[in-house]
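Remember, it's 1-based here, ligands and their atoms both numbered in the order they're listed. Throughout, residue positions are numbered sequentially from 1 according to the sequence presented.
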Amino acid sequence: MSNNEQWDDATLAIRYGYQRTLEGEHSEAMFLTSSFVYDSAAQAAERFSGQVPGNIYSRFTNPTVATFERRIAALEGGERAVATGSGMAAILTTCLGLLNAGDHVICSRSVFGATQILFEKQLSRFGVQTTFVDLTDLSAWHNAVQHNTKLLFLETPSNPLMEVGDITALSQIAKAAGAWLAVDNCLLTPILQKPLSLGADIVIHSATKFIDGQGRALGGAIVGSHALMEPIYSFVRTAGPSMSPFNAWLFIKGLETLAIRMKAQSEQALAIASWLKAHPAVESVFYTGLSDHPQADLIARQQKAGGAVLSFRVKGGRKEAWRVVDAVMIFSRSANLGDVKSIITHPATTTHGRVAEADRLAAGITENLIRLSIGLESVDDLRADLARGLDALLSA
Ligand SMILES: *Cc1c(COP(=O)(O)O)cnc(C)c1O
């Protein structure tokens, strides 16, 4: 196996951790098999007892999934990764692998909608209580700590308003509380941000987004130390939120272009954000790649670039925002992100449509807010696509 943790990310993402079969295949083989066979009864017994490592059943381990796990672990700088069937399964598995009834979680208020519902409505049914706090208010995190706090959970940058959480400062609060810090690194990927190197204990991914990059499959991953991943792996093996080998193979192919995609999509997003800032129909732009972002110093310490996702407010309300959304001919009107195809979203009536209006406004999800996930189409064409709706607002 060709392994060298010192390689740069682009090399790790293409080369790390594959065990070539005797056929000498160049592209990674896909092991579409649910179970494995043994040479003898004794070998089967050794495998099942754990005396001798080896595959048993693809709910437990699968060679294609294992290649994906080694690669994502190397990219995040973690000892071990556990793959799951979706990003939400990764978050659920982290909680059910590590927490017990009676434990307490502190979670950023600005997390993916399903993540918030998972903590608030589902885990609470099993005796895990969650306090939600403002991502950027360190004293709120500190003050929310209880004797039974076990996990601090955040996404940074936040979606859609692109606020940034200080991973190192939060890791100190977690450590003092005897709790773990988990960071959902979906928006930036290890190419642009490595939470473990900043002090986090656990990194979580929805591989569905940038890791695949082409909107084909659902998957997730959890990365951390051997000690933390062991109970998490045990949960996956027993409960079954495992990644399909077919999806793992797609993600291995996605990883091969991750470094160059994140760089190129960040450059395109910066060009779009800068152009939007100067457009007379735009009220404000939220993007961590802009040098006048209010948290620019923290961003420079924590991120290598701004990533592909940004948002902006048009002058006006829902009517004006919808005009821009309805005028596009290239951007996909969708609620997804992370694809090479650019996507436009109206958060207040889609991703955040079920959030109570007062909460939505408190979170800054106003009716005139539009989110963009910038892909790899020509940036000139993307600008022209947005200009059609924005220019029309000026003449209205
Ligand atoms: C999409 C997403 C998830 C959930 O991932 P799925 O693969 O859809 O289950 C979690 N966190 C963030 C930040 C996401 O964007």
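- Within 6.0 Å of CG in Asp292 there are more than 12 heavy atoms belonging to other residues, nucleotides or ligands.
- Salt bridge annotation for Asp201-Lys175: absent, with no cationic side-chain nitrogen under 4.0 angstrom from a carboxylate oxygen.
- Across all non-hydrogen atoms, the minimal contact from Gln214 to Asp339 is C-OD2, 3.2 Å.
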List of N/O pairs, ligand 1 versus protein, all under 3.5 Å?
from	atom 1	to	atom 2	distance (Å)
ligand 1	5 (O)	Ser206	OG	3.0
ligand 1	7 (O)	Gly87	N	2.8
ligand 1	7 (O)	Ser206	OG	2.9
ligand 1	7 (O)	Thr208	OG1	2.6
ligand 1	9 (O)	Gly87	N	3.1
ligand 1	9 (O)	Met88	N	2.9
ligand 1	11 (N)	Asp184	OD2	2.6
ligand 1	15 (O)	Lys209	NZ	2.6

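- Under the 6.0 Å cut-off for aromatic ring centres, Tyr287 and Phe312 do not qualify, their centroids lying 6.0 Å or more apart.
- Heavy-atom contacts from other residues, nucleotides or ligands closer than 6.0 Å to NZ of Lys315 number more than 12.
- Val145 and Leu151 are not part of a single hydrophobic cluster, where members link through side-chain heavy atoms under 4.5 Å apart.
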